Each structure stands twice: as C-alpha cells, then as structure tokens.
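Lettering follows sequence order; numbering is per chain, from 1. Here the structure is a predicted model, which is why all the values come from computation and not from measurement. Atom set for the values below is all heavy atoms of this structure, side chains included, hydrogens, waters and symmetry mates excluded.
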There are 2 protein chains.
Amino acid sequence: MQNFDVEKLHPGLSIDCVIFGFHENELKILILKLKNLNKWALPGGFVEVDKDVDAEAAEVLKRRAGLENIFLRQFYLFGDVARNENDHARKMVDQEVIAPELRDWFEQRFVTVGYYALVEYSKVKAPTPDYTSESCEWRSISELPSLILDHRDILARAHATLKKELNNQPIGMNLLPDHFTMSELQALYETVLEKKLDRRNFRRRMLSYDILIPTNKRRTGVAHKAPMLYEFDRKKYQEAMVSGFRSTW
Amino acid sequence: MQNFDVEKLHPGLSIDCVIFGFHENELKILILKLKNLNKWALPGGFVEVDKDVDAEAAEVLKRRAGLENIFLRQFYLFGDVARNENDHARKMVDQEVIAPELRDWFEQRFVTVGYYALVEYSKVKAPTPDYTSESCEWRSISELPSLILDHRDILARAHATLKKELNNQPIGMNLLPDHFTMSELQALYETVLEKKLDRRNFRRRMLSYDILIPTNKRRTGVAHKAPMLYEFDRKKYQEAMVSGFRSTW
DNA sequence: ACAAAAGTGTTACGCCTACACCCATGA
DNA sequence: TCATGGGTGTAGGCGTAACACTTTTGT
C-alpha cells in the first residue's frame, strides 16, 4: 500500500492519460487493473506543486510505458462535479489500495486533465502497474472492460480529438515501427477513423504530403507481392505537425 | 476589499476568460483594470467545490458582461509552475485589493483553465469590474496595455484556437448583430484571420454553407449602394457547429 | 458626374473520386 | 496456377482562385 506525502501535491488536481498503441490492426490503449476490484483505470497521477502539469503527464507516460520524448497532448479538463463518486475513496480504502489516512485526500473534489499519447506498441516492453493496480495491459478500445469514474468518457473524447486532428496533422510516427508499408499506414488511418479508405487515393495523398521516404527495402516472408517499406522524414513530419495540412482560409 | 469564504473554493484552480467582441472592424476583448495597479487582467474567477468548472466560467461571463447562453469554449489548462509570480499575491495585499488574511490563499500555486467567448459587442451594456478592479473595458487586441501574469499568452492561445476553428466551424452568431451585411461578415473573418479575402469568393463560399438567410431589407443611410442584410439560420448554424464543415477524410 | 461599394458571372486549374489493369509472391 | 495483395494510371467532376463588368447610392 502506497503512502505518499500529499502535502507536496496540488490539491484536487489529477492527470489521466489515454496511451494509444496500434497492433494487429487494432487501436489499443494501456489500462490498469485495480487491486481487489474488478475495475480498470486509465494511467494517471497527481501533480506536485512545484512541477509543470505537462511535465507530470510526461512522467506518467514514462513510469507506465517506459517511454520519453513521445507525442503527448493535453486535450481537455474534466471539471464536472458529477465525475466524483462518493464511495470511490471509501472503496480504495476498503480494498487496502490506499492507506486509511489518505482517505480525506482522495475524497476531496477532483478535476482531471486529460492527455493522449501515441506510442509504438512494440517499444513498450513492460507496461508497469502503479501502487493501485495489479497489472497494466494493452486492450483494444473496441472491447474494453468496465472503467472507473468517467474514464470511458475521457477515452471517448481523446479518440474524437484524435480523429479531428487527422484532418490537420500527420499521424504515424511513434505509433508505427520505424519502417512500415503503405498498407500498414492505411490500416492505422482506417482504424482511427473507423472507416475504409480507397487504397490508391490514400497512397497518392500520403505521398503528396511529402513526409514519407521510400526505402529500397521490401517486406518479405509474407504472402503476396513484397511491398515497399517507408519511413517518415522526421524533419518534414515535425514541420507538418506545427504548420498543419490544409487550412481552407 | 473583498472577503470571501475560501473554504468553499477549489484550491489552486482558477478560470480566465477571453471575451471576444467585434466593433468597428476590430477584434476586442474585455479586460479589467486592477485597483491601484497599472496592470490589466482577463476576467476570471475561482471554482466553488460543488460547481462544474464550465458552469463557473459561464458565471464569469454573466457577471462581467451580463450575458447568458453564449458561445463559451474551454480551450486549454495553463499548468506551468512559472506562471505563478512570487510577489503577485503580496502586491494584491499591499494595494488593498484583497484582505491580508487571504494572502495565503492567493499565494498557493494556481493552474488556470482558459475559456474563450464570442459575444455581441453592442449587447454588453455595462461591462462590470470585479472586486479586484476599478474598471472593465473593451480593448482592441492590437493595442493592449500590459497584462498580469501569463494573460497575454492566454489571449494568444485563445486567438490561435479561434483561427484554427474557423476552418471547421462557422463564426458570427453572437459576434455580429442579428442583421448584418456580407461585407460586415467578411470584415469579421478578415479581422480574426488577419488577412484579406476576395470579396466574391467569400460571398460564394458563405452562401454555400447554407447558414445565411437573406432578408429583404437593406442597410440605408450610408454611402453607396444599399447592401442586403442577412441573418443566420439558427438551426442550420447550430448543426454546422456540431458537425463541422469540411473534414477531408 | 463621379467615386465607391454592391451584386453577378466566367474561366482555368488543381484536387479528389471512382475506377481498371498489370505485377509479384507464397501456397 | 491461382488467389491475394501491391503498384500504377486515368477520366470526370467538383470546388476554388483569379479575374471584369454592371448597378446603385450619396455627395
């Protein structure tokens, strides 16, 4: 059971991270199974009073997924009173997840800052649970177990934000391996957007963005014609992230 | 000097609102002149522990501008430690803006939630200062006085967000009078975007959005040919706000 | 009458969509 | 050899940018 110094923490403020990964054509997120409870939670944490909120979010990502310098974006503050459940703190004490003397701290009204991260599935070697949880696992967003509090809403908003951002920004770096085929990139888009795209038009458009570098290698060993492998032009990718794609005005 | 019950407030959490208005072809915001200080501030406030954050932002808007049911959007949480200035609370006490016993409350580390609102300039009859301020005024964003803390950054981010949103959503309702000419609407766009637009193409595009209703009235009394007055189709406008304009995927 | 803004139309170009065809590979 | 996915090309339509001309009004 964890005992920490709540004096050093910003009161009533927490962080929740939706950590997206892509594997086997499915969009997955990292979630934690709470000790002694049949509920799961998004990776999160609190904010030390002398730390930047964004930096604390990066800390969460580092501790749970072992990754640093990853795309991580604040997308919303969840500030409704109703997101606090009266007996949530009590349950945590009952199940010996937290020490009884911390109950007051956990029972105060919390607002939480939502972040989402895009990470490469295979680079997360050992998802690490925190003191409240017995395991940390990748789960497909289409078959999620029951989540605590408003974590399902937080995920939904993160996903919606991601979908919207696809119109202005590239995606893929940090989410795909260094080398990937056009089809794999397309599968990522189709999964995030939850719709099918035309293969040929997708290719043309992607190439027109000028952020891909064709390597001379091909993926072999799988069935059918060996596809070309691409990598991202990191410089141009970053430029596209900053300036965005098509603004109409 | 204001004395309020800080026990009822969410600790270390504030709200700041960028309230945009449009007048004489200039984008303006409401700012407050602080008592006994030569500094200005965005309208803001604190969050009662039993109130939704969004609702408290709406309260700020209501108290300062006297408006309700107005477009109001949360756009960012400003959570850097550096945004807190050591002597800000001390100055407030020194200048008798707040009671000395509130100094501890004001000296804690704060994070602030940024909101922006679009309001009709002429509907704000009497901008109302709060207990920290001696006046509340419209000021053009191009000639702003010195603002406290990171309020200039907050404004910049609000403006950037607004610019970006113009690609997906309509603007104008709540910012223009009920009836307006095409040129006035274009002037609003040009002001927000900080660039000139082609008159004829602008008209065509706006009409294609199908959110405008031409009235049979014309603006008279001014020089030159009397222009047609339009109003927004409120139902279709709202639909466009929800579904957005052009998504490329 | 004239200056200045309002209203309307046209052309050219580029982008996006919706397709069909051939190629390469493992089974 | 054949099923399956990879790679390339093209015709048509739509939207946008870049334009010129006429109309109306107050001065």
For the ring pair F20(B) and F22(B), is the centre-to-centre distance below 6.0 Å? no

Between T215(B) and L229(B), is there a donor-acceptor pair closer than 3.5 Å when you use the side chain of the first and the backbone of the second? yes

Can you check whether A187(B)'s main-chain N or O pairs, donor with acceptor, with T191(B)'s side chain at less than 3.5 Å? yes

When you compare the protein's N or O atoms with those of nucleotides 11-14 of chain D, which come within less than 3.5 Å of each other, and at what distance?
none

How would you give the extent of chain B contacts on DNA chain C, as first and last nucleotide 5' to 3' within a 4.0 Å heavy-atom cut-off? dA4(C) to dT10(C)

Just list the side-chain donor-acceptor pairs under 3.5 Å for residues 242-249 of chain B, sequence neighbours left out, or say none.
from	atom 1	to	atom 2	distance (Å)
S243(B)	OG	E239(B)	O	2.9
R246(B)	NH2	Y209(B)	OH	2.8
T248(B)	OG1	N167(A)	OD1	2.7
T248(B)	OG1	R205(A)	NH2	3.4
W249(B)	NE1	L166(A)	O	3.2

Assign M182(B) to base, sugar-phosphate, or nothing according to its heavy-atom contacts below 4.0 angstrom with the strands shown. nothing

Which is true for R246(B) with a 4.0 Å heavy-atom rule: it touches a base, it touches only sugar-phosphate, or it touches nothing? sugar-phosphate

Answer yes or no: is there a side-chain heavy-atom contact under 4.5 Å between L144(A) and R152(A)? yes

Need the bend value for the helix from dA1(C)-dT27(D) to dA27(C)-dT1(D): angle between end axes, 5 pairs each end, nearest 10°. 0°

May I ask you to decide whether K235(A) forms a salt bridge with D233(A), counting only side-chain N to carboxylate O separations under 4.0 Å? no

Before accepting this row, confirm whether a basic side-chain N of the pair R234(A)/D178(A) lies closer than 4.0 Å to the acidic partner's carboxylate O. yes

What integer distance in Å separates M206(B):CE from dT16(D):C1'? 14 Å

For residues 56-71 of chain B, pull every pair meeting side-chain hydrogen bond (donor to acceptor under 3.5 Å, both in side chains), keeping only residues two or more places apart or in separate chains. E59(B)-R63(B)

Supply the atom-to-atom distance H23(A) NE2 to N25(A) CG, rounded to the nearest 0.5 angstrom. 10.0 Å

Hey, is the side chain of S183(A) poking within less than 4.0 Å of OP1 or OP2 on dG6(D), counting only N and O atoms? yes

Distance alone, cut at 3.5 Å: any donor-acceptor contact between the side chains of S140(B) and S142(B)? yes

Do the side-chain N and O atoms of K33(B) and S135(B) include a donor-acceptor pair separated by under 3.5 angstrom? no

H159(B) and Y116(B): side chain to side chain contact (heavy atoms under 4.5 Å, CB included), yes or no, with the steps? CA-CA 9 Å; H159(B) 191 193; Y116(B) 71 88; over 6 Å; no

Given protein heavy atoms under 4.0 Å, the one-letter contact record of nucleotides 19-27 of chain D, with B base, S sugar-phosphate only and - none, is simply BB--BBBS-

Mind running side chain to side chain contact (heavy atoms under 4.5 Å, CB included) on L212(A) and L185(A) for me, showing each step along the way? CA-CA 11 Å; L212(A) 292 179; L185(A) 183 58; 4.2 Å; yes

